[in-house]
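This report concerns only the one structure given below.
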Amino acid sequence: MNESPDYMNRNCLNCNCRAEMFNLLNQEELELVYRHKTTVMFRKGETIKKQGTAMTHVISVNSGLVKVYIEGIDRRNTILRIVKPTNFIGGPGIYLDQVHHFSVSALQDTRVCLIEMQVFKSLLDRNKKFSEEFMVDFSRNTLAIYQRLINQTQKEVPGRMADTILYLLENIYNSSKFELHLTKQDLADISGMSKDSCVKILREFQREGIILQDRHELEITDLEKLKRISRLG
DNA sequence: GCATTAACCACAG
DNA sequence: CTGTGGTTAATGC
């Protein structure tokens with residue numbers, strides 16, 4: 001093995017797996033990123049960042065899939081978002097207290113770039129367009145969390161699960177049939193319900209012909225009905 | 001009260 | 001990890 005993988009040699013300038021906001025940096029700025037980042041491979045299940053630790057880096061997801069989640073009371077987790085390539089993971093710690101307020105772990109083998117936070121901040125400081133795009137990304141994520149807060153507090157279990165399936169369909173997999181990288185516990189942690197309720201409601205959806213579960217594959221067979229359940233709560 | 005919902009628990013595959 | 005059934009506590013007629 002004399003050859004290092006392609007991504008090790010590539011500088012950030014030509015990289016096609018960087019998060020979109022980095023497109024707004026010029027050559028000099030991208031070289032700065034290149035000098036202050038490391039590219040790391042994580043195996044499925046590994047923890048990429050741990051809630052409560054010092055926030056030394058921000059993350060750009062190159063390949064794979066990760067979950068961003070809060071470790072709550074009594075081993076209960078709440079998944080904030082699923083992040084696919086090529087997206088960015090920052091967080092309130094950047095400007096607040098330099099601490100990770102959530103954990104990040106790999107749902108499948110995943111490659112990420114870890115960019116030194118001080119360098120990232122200096123880029124936000126010197127490049128207005130870049131900083132604006134960062135704000136847009138941050139705001140979008142915030143809005144999505146607001147939406148989910150409403151869904152979870154004002155809908156019952158079927159509506160919550162319908163929302164979760166629609167979220168995966170529209171934001172992550174973009175296909176009515178996909179290999180699910182999440183466990184039932186993960187689905188419960190996104191939907192704000194117990195694992196038991198999650199299993200039961202998915203069975204119920206299957207009985208009603210809304211979805212088809214086959215091992216780790218999930219197919220949505222009646223999208224209209226799913227949307228109706230989401231609407232009615 | 002009574003019915004429904006969903007979490008909790010124990011346990012089997 | 002996934003699925004099932006019984007129990008229980010909260011909520012809404």
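Order of the sequence lines sets the chain letters (A, B, ...), proteins ahead of strands, with each chain counted from 1. None of the values given here were measured: they were computed from a predicted structure.
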A:D196 side-chain proximity, nearest of C:dG5, C:dG3, C:dT2 | C:dG5

Are there any protein N/O atoms within less than 3.5 Å of an N/O atom in nucleotides 3-6 of chain B, and if so, which ones and at what distance?
from	atom 1	to	atom 2	distance (Å)
B:dA6	OP1	A:V157	N	2.8

Using whole Å, report how far NZ of A:K195 lies from P of B:dC8.
-> 12 Å

Side-chain donor or acceptor of A:Q213 paired with backbone N/O of A:Q206 under 3.5 Å = no

Classify the ring geometry between A:F134 and A:F138 as parallel (under 30°), tilted (30 to 60°) or perpendicular (over 60°).
-> perpendicular

Within the side chain of A:Q152, is there an N or O that forms a donor-acceptor pair under 3.5 Å with the backbone of A:I190?
-> yes

Short question: side chain of A:S103, backbone of A:Q51 - any donor-acceptor pair under 3.5 Å?
-> yes

When you get a sec, tell me which of B:dC9, C:dG3, C:dG6 is the closest nucleotide to the side chain of A:V199?
-> C:dG3

Over how many whole Å does the gap from A:R203 atom CZ to C:dG5 atom C1' extend?
-> 14 Å

What's the CD-P distance between A:Q185 and B:dC8, to the nearest Å?
-> 11 Å

Expressed in angstrom and rounded to an integer, what is the separation of A:D189 atom CG from C:dT2 atom C1'?
-> 15 Å

A:K184 NZ - C:dT4 C1' separation (whole Å) | 13 Å

May I ask you to check whether A:F120 and A:F88 place their ring centres under 6.0 Å from each other?
-> yes

What is the distance, rounded to the nearest whole Å, between atom NE2 of A:H181 and atom P of C:dC1?
-> 17 Å

Within less than 4.0 Å of OP1 or OP2 of C:dG3, is there a side-chain N or O belonging to A:K200?
-> no

Around atom NZ of A:K44, are there more than 12 heavy atoms of other residues, nucleotides or ligands at under 6.0 Å?
-> no

Contact residues, residues 65-78 of chain A to DNA chain B [heavy atom, < 4.0 Å] = none

Is a donor on one side and an acceptor on the other found under 3.5 Å between the side chain of A:S131 and the backbone of A:K129?
-> no

Residues in salt bridge (Lys or Arg N to Asp or Glu O under 4.0 Å) contact with A:K177, at least two apart in sequence or another chain = A:E217

Rounded off to whole Å, could you give me the CG-to-P distance for the A:L202 and C:dG3 pair?
-> 8 Å

Which one of A:K67, A:Q108, A:H216 satisfies the side-chain hydrogen bond (donor to acceptor under 3.5 Å, both in side chains) criterion with A:H181?
-> A:Q108

Find the distance A:I201:CD1 to C:dG3:P and express it as a whole number of Å.
-> 14 Å

